[in-house]
Amino acid sequence: MHWADVEAEKIDSKKPLIATGEAPSGPIHLGHIREVLTGEAISRASDGDLILIVDSFDPLRRSYPFLDDSYVDQIGKPLSEIPCICGEHDNYAEHFMEPFLESLDELGVDLKVKYAHEMYAKGDYEDATRRMIENRDKVAKIIEEETGRELDDDWFPYNPICSRCGEIGNTAVTGFDDPYVIYDCGCGYAGKADIRKAEGKLAWRGDWPARWWILGIDCEPFGKDHFASGGSWDTGKRIIKEILGSEPPHHVVYEWIQLKGEGPMSSSTGVAIKTEDMLKMVCPEVLRFLIMNSKPKTHIDFDPGLGILDLVDEYDHTEDIYFEGGDEDRSRTYELSQVEKVPEKKPQRIPYRHLVNLVQIYEDRDAIWDVALNTGQIQEDRKEDHERFEERADKVKFWLENHAPDMVKFSLKKELPPVDLDEDEKTFLESYLKSLEGCGWKGEDLHRLVHENADETGINKGKAFRSFYKILLGKDKGPRLGRFLSQLEEEFVKQRISEAVSS
RNA sequence: GGGCCUGUAGCUCAGCCAGGUGGAGCGAUCGGCUCUUAACCGAUUGGUCUGGGGUUCGAAUCCCCACAGGCCCGCCA
């Protein structure tokens, strides 16, 4: 059984509510998407509803490498209250959420978004906050027991936002006069915060169980960081039971996604690929496949270089298995990888690695498609397959320009590159040039002539092919020669050969 | 110090939850397509399942103990 179905079975609800969370303190990367897609897979498997809670009311902790110096002044303020970086969004949090939500839409993820700052503003947290404050000592004891740390005597489960300096958590709470939390701020201001409004928030350890309770969360996937002993899961599950009198959700812990050779993804270290960039280099169903194909607790080593080709090949292979009615789990993985529904007919496709060559040879997309039709690689000219092909070609292009290793890249040299041909090669090329007289400039003929001339002049065949790549691409290797040559202007090729021979 | 995960073919991993004669892909090797390869087809090759105990008629799978690696433990997915 697929892991999503296994988890779905464990949830004690017919129409479960599955929660995911994101903190928009920086660019949202591939690692974050695992949380949402893990939750989404379970919601599909359980026919549940998916929500995404945005920690937009959390303060900016520090200045990140991607922020300019002016943001130092914003440290300590809630993300929802900080100006947008580019100026085009309502606030800092929205700046990072917008592209992420767009990506989720492209990935076919159907969810409701809840912003923490709006929940606080609407008073959703009022009851939970009151209970936490009234049970301050019990909550503190749970945290101390689970973490083994000792909390300060003035620890308070609710952090007011200073109404003068706007900072959160820089306050010392001096009293509670329901519904007002009385505080002294480090900036010198003394005031009170209304727990029915967005004038402060629960500390994370209490905030998390509070939201389970408020929203009635049945299941939540979360990262391994929360699951460390004494972590927020350990305290959260006790707080919801002992303070709020309810059960914690079914939990699913997932592992980190690492960038091959560079360690775990993290916005602050810069080891990250933004979600929107991911979707420029692979199709959404392939990105989904990356997540669906690994159990949440397995860590994923993501290789944006050559690994992309393996990933797509594996996706395609899984597609074959699905349409052949093979292996149940892999078929399920394929279903869950789909952005929408599974295609009605098995998609016809050009092998991905081959496509990588084709987009470098042909400038014209239609030419590629026509060749694929002519060679029988694509048997029926279907609209949906053509669209998929166009999409893949776009992704391949982006990948070639941004992530592909040099070994797979080539480009036609407009001028004769510096070459050092020996006599064998020159003799061969000369002979080849002569044999081109009256040739129809067809791929297969051009290819046959390479073999014939190589045999006649006695040159090693590999060397014969290499000589073409050297004078055309400035490399030792390249795409299949005959078809490649046939795409080029006849005069251009002839000119290049004679130039090379006489150099 | 605590926690989670991983250790299976040269490489990447599946199989473990519900124990029943070890799998896939890639690679390599060989062959084919008068077509070089990074494309395609076919075949072959491949492993004391990290080690040691235990439970069992039977263990890659369950239990215990080691060893090695990765990550997490204010906030962070």
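Residue numbers begin at 1 in each chain, while the letters A, B, ... track the order of the sequences. Computed from heavy atoms alone, side chains included, the values below leave out hydrogens, waters and symmetry copies. It should be emphasised that the depicted structure is a prediction, and the values quoted were computed from it without experimental measurement.
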Re B/G58: Watson-Crick or G-U wobble partner, both distances kept under 3.5 Å, found to be none
Indicate, with a heavy-atom threshold strictly under 4.0 Å, whether A/R353 touches base, sugar-phosphate, or nothing. sugar-phosphate
Side-chain contact check for A/E255: nearest option of B/A77, B/C4, B/A14 is B/C4
### Task
Output yes when a side-chain donor or acceptor of A/S43 lies under 3.5 Å from a complementary backbone atom of A/L17, and no otherwise.
no
Q.
In whole Å, measure the gap between the C1' atoms of B/G51 and B/G10 for me.
A. 22 Å
Ranking B/A77, B/G2, B/G70 by distance to the side chain of A/A228, first place goes to B/G2
**Prompt:** Mind checking the C1' distance from B/G58 to B/G19? Whole angstroms is fine.
**Reply:** 8 Å
Determine the interatomic distance between P on B/A9 and the same-named atom on B/C49; round to the nearest Å.
10 Å
- How is A/Y254 classified with respect to the nucleic acid when contacts are heavy atoms under 4.0 Å: base, sugar-phosphate, or nothing? base
Checklist entry - So does A/K295 get a side-chain nitrogen or oxygen closer than 4.0 Å to the phosphate oxygens (OP1/OP2) of B/U6? => result no
- Centroid-centroid under 6.0 Å between A/Y315 and A/Y334 rings: yes
Using a 4.0 Å heavy-atom cut-off, does A/E22 contact any base of the nucleic acid, only the sugar-phosphate backbone, or nothing at all? sugar-phosphate
note: A/W233, atom CH2; B/C4, atom C1'; distance rounded to Å ~ 15 Å
Between NE2 of A/H317 and C1' of B/A14 the distance, given in whole Å, is 11 Å
When the P atoms of B/C13 and B/C75 are considered, how many whole Å apart are they? 30 Å
| message | Side chains of A/F468 and A/F428, heavy atoms from C-beta outward: is any pair under 4.5 Å? | response | yes
As its Watson-Crick or G-U partner within any shown strand, both distances under 3.5 Å, B/C40 has B/G32
Hey, does the side chain of A/K297 come within less than 4.0 Å of B/C5's phosphate (OP1/OP2), counting only N and O? yes
With the side chain defined as heavy atoms from C-beta on, A/S229 is closest, among B/G74, B/C4, B/G3, to B/G3
Point to revise | Inter-nucleotide C1' distance (B/C33, B/U48), Å rounded | key: 42 Å
Separation of B/C75 atom C1' from A/H32 atom NE2, nearest Å, is 12 Å
For the P atoms, the ones on B/A24 and on B/U45, what distance do you get once it is rounded to whole angstrom?
12 Å
Inset, instruction - Quote, to the nearest angstrom, the C1' distance that separates B/U61 from B/G20. - result: 11 Å
For B/C67, the nucleotide meeting Watson-Crick or G-U wobble distances (both under 3.5 Å) is B/G7
Requested in this report: Determine the contact category for A/G230: base if any of its heavy atoms lies under 4.0 Å from a base atom, sugar-phosphate if only primed atoms, P, OP1 or OP2 are that close, otherwise nothing.
Outcome: nothing
Quick note, A/K224 side chain, CB onward, closest among B/U36, B/A39, B/C72 is B/C72
*Kindly say whether the aromatic ring centers of A/F66 and A/F96 come within a distance under 6.0 Å.*
yes
Considering only heavy side-chain atoms of A/D225, the closest of B/G70, B/U36, B/A77 is B/A77
Can you check the distance between B/G47 and B/C11, where both ends of the measurement are the C1' atom (answer in whole Å)? 14 Å
To the nearest angstrom, the CD1-P distance between A/I350 and B/A39 comes to 15 Å
For A/R149, answer base if it contacts any base atom (sugar-phosphate contacts may also be present), sugar-phosphate if it contacts only those atoms, and nothing otherwise; contact means non-hydrogen atoms under 4.0 Å. sugar-phosphate
By the Watson-Crick or G-U definition, both distances under 3.5 Å, B/C75 is matched with none
In this structure, NZ of A/K397 is separated from CD of A/Q360 (nearest 0.5 Å) by 8.5 Å
Rounding to 0.5 Å, atoms CG (A/N91) and CD (A/E81) come to a distance of 7.5 Å
